[in-house]
Amino acid sequence: LNTDADTESVSKSGDTMTGNLSLGDNVKLQLGNQTDGDLQIYHNSFASIIKDSGVGDLYIGSDNNLLITNSALSEVKAKFTTDGAVDLYHNNVAKLSTTSSGISVTGSVVADKFGITEGELEGNSGNLQLQSLSTGIIYDAANGYHTFRRNGTNAQQINGGTGDISFYNDSAVQAFY
């Protein structure tokens, strides 16, 4: 029985708490299903867990930006800007951001494979090779030469050191300019 004078209990039909609710390890806050809880929030001595095992998706909503940070709230790990970018951080520095036209990466990219359907590649240095699977044309920038090949045969080559340009025809005849 909860009376107006009772300050030690919370009403089942709704009430307001003015203090903390402390739950021990492995004691779950369960929402939804009475048996297993469609949504569970708990700590198991090793990790803090938010577990959604009910029907449907788990939504995290915010009218403002949504940030994932360290427990001190002093280091950002991910930031989801309302109507804007998604930023992923390393050591509190944004490294990968979505933009209205694609993505922006700060730093280097390491990949097992890289493909371009249509577009451009800018700001490269060192060796570079681009290949079109549909036309058989390959662009190869290596050792100071810029070479275009068609079906494995040189078509044009520019010597980056001297500026000489070589053109090749189908019979491997070379013309210099």
Side-chain angles (χ1 to χ4, degrees), residues 2 7-135 137-144 146 160:
N2 186 4
T7 60
E8 300 296 318
S9 63
V10 177
S11 171
K12 287 183 181 180
S13 63
D15 211 334
T16 302
M17 294 180 63
T18 57
N20 295 331
L21 174 63
S22 297
L23 304 173
D25 285 344
N26 292 309
V27 176
K28 299 174 182 177
L29 173 60
Q30 295 187 160
L31 305 169
N33 181 301
Q34 296 295 317
T35 306
D36 298 324
D38 292 333
L39 177 63
Q40 301 175 355
I41 302 174
Y42 64 99
H43 183 78
N44 69 3
S45 299
F46 302 104
S48 297
I49 299 165
I50 299 173
K51 180 180 174 183
D52 176 27
S53 58
V55 176
D57 298 326
L58 173 66
Y59 287 81
I60 300 174
S62 174
D63 286 337
N64 297 302
N65 300 333
L66 176 66
L67 284 83
I68 299 174
T69 69
N70 63 354
S71 63
L73 306 178
S74 62
E75 185 171 320
V76 176
K77 297 177 181 186
K79 180 179 180 182
F80 302 83
T81 303
T82 300
D83 299 325
V86 172
D87 301 308
L88 300 179
Y89 289 72
H90 175 79
N91 200 21
N92 213 28
V93 176
K95 292 296 182 176
L96 186 128
S97 300
T98 61
T99 67
S100 61
S101 61
I103 64 167
S104 175
V105 176
T106 302
S108 60
V109 175
V110 177
D112 292 338
K113 194 172 187 179
F114 178 74
I116 298 175
T117 303
E118 290 184 29
E120 57 188 320
L121 183 62
E122 297 180 16
N124 61 72
S125 63
N127 296 344
L128 169 69
Q129 187 178 71
L130 298 175
Q131 179 176 356
S132 168
L133 298 176
S134 61
T135 64
I137 295 175
I138 295 175
Y139 168 74
D140 187 6
N143 304 315
H146 301 273

CG of N65 to OG1 of T81: how many Å apart, nearest 0.5 Å?
4.5 Å
Taken to the nearest 0.5 Å, the spacing of I50 CD1 from I60 CD1 works out to 6.5 Å
Test item: T69 side-chain N/O and S74 main-chain N/O as donor-acceptor pair under 3.5 Å:
no
Looking at every non-hydrogen atom in both residues, tell me the closest pair between V27 and Y42 and how far apart they are.
O-CB, 3.6 Å
Tell me, please, whether Y89 has K77 positioned over its six-membered ring: NZ or CZ under 6.0 Å from the ring centre and within 45 degrees of its axis?
no
Point-to-point distance, once rounded to the nearest 0.5 Å, from NZ of K28 to CG of L23
12.5 Å
Whether the side chain of N20 engages the backbone of S22 through a donor-acceptor N/O pair (distance < 3.5 Å, no angle test) should be reported.
no
Do any N or O atoms from the side chain of T82 and from the backbone of N64 form a donor-acceptor pair under 3.5 angstrom?
yes
Pair F80-I68, side-chain contact (heavy atoms from CB on, under 4.5 Å): steps then yes or no
CA-CA 9 Å; F80 302 83; I68 299 174; 4.1 Å; yes
Test item: H90 side-chain N/O and A94 main-chain N/O as donor-acceptor pair under 3.5 Å:
no
With rounding to the nearest 0.5 Å, note down the distance linking CG in L39 to CG in L31.
5.0 Å
From N44 CG over to K51 NZ, what is the distance, rounded to the nearest 0.5 angstrom?
11.0 Å
Quick check: does any side chain N or O of N70 sit under 3.5 Å from a backbone N or O of E75, one acting as donor and the other as acceptor?
yes
Considering all heavy atoms of both residues, which atom of G84 and which atom of T98 are nearest to each other, and what is their separation?
O-OG1, 4.4 Å
Pairwise distance CG(L96) to OG1(T106) - rounded to 0.5 angstrom
8.5 Å
Considering all heavy atoms, the nearest G37-S53 contact
O-OG, 3.6 Å
